[in-house]
Amino acid sequence: MNPLRLHLQPGDVVFREGDASGSAFLIEEGAIEVHVARGASSLRLSLLGPGDLVGEMAAIDDSLRTATATALTE
């Protein structure tokens, strides 16, 4: 199986809170912010970088995404 590679720009959304799962992502470079909506603002849960995995728990237990993951410039 060939892995899918995504090349994201700052602000690109990897997945949104409530989306169906099905895959996890290994960050090779750059940063991903994991956050949840709180009214008109959002709350950062995590900042992930090279070598980190994101989305693996929802993929493992086949649940809906509990947060949103967005590419950053950091």
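All figures in this text were calculated on a predicted structure; none of them were measured in a lab.
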Side-chain contact test, heavy atoms from C-beta onward, threshold under 4.5 Å: evaluate it for Val34 versus Leu47 and give yes or no. no
Verify side-chain contact (heavy atoms from CB on, under 4.5 Å) between His35 and Leu45, making sure each step is shown before the conclusion. CA-CA 5 Å; His35 54 97; Leu45 300 176; 5.6 Å; no
Show the nearest heavy-atom pair for residues Ile32 and Ala71, with the distance to one decimal. CD1-CA, 3.8 Å
Determine all donor-acceptor pairs shorter than 3.5 Å in which one atom belongs to a side chain in residues 57-66; sequence neighbours excluded.
residue, atom, partner, partner atom, Å
Asp61, OD1, Ser63, N, 3.3
Asp61, OD1, Ser63, OG, 2.7
Arg65, NH1, Gly55, O, 2.9
Arg65, NH2, Ser23, O, 2.7

From Leu26 CG over to Glu28 CD, what is the distance, rounded to the nearest 0.5 angstrom? 6.0 Å
Applying side-chain contact (heavy atoms from CB on, under 4.5 Å), run through Phe25 and Leu53 and close with a yes or a no. CA-CA 6 Å; Phe25 302 90; Leu53 287 173; over 6 Å; no
May I have the list of side-chain donor-acceptor pairs in residues 8-19 shorter than 3.5 Å, sequence neighbours left out?
residue, atom, partner, partner atom, Å
Asp12, OD2, Gln9, N, 2.8
Glu17, OE1, Ala37, N, 3.4
Asp19, OD2, Arg16, N, 2.8

Give, for atom CG of Leu48 and atom CD1 of Ile27, the distance between the pair rounded to the nearest 0.5 Å. 4.5 Å
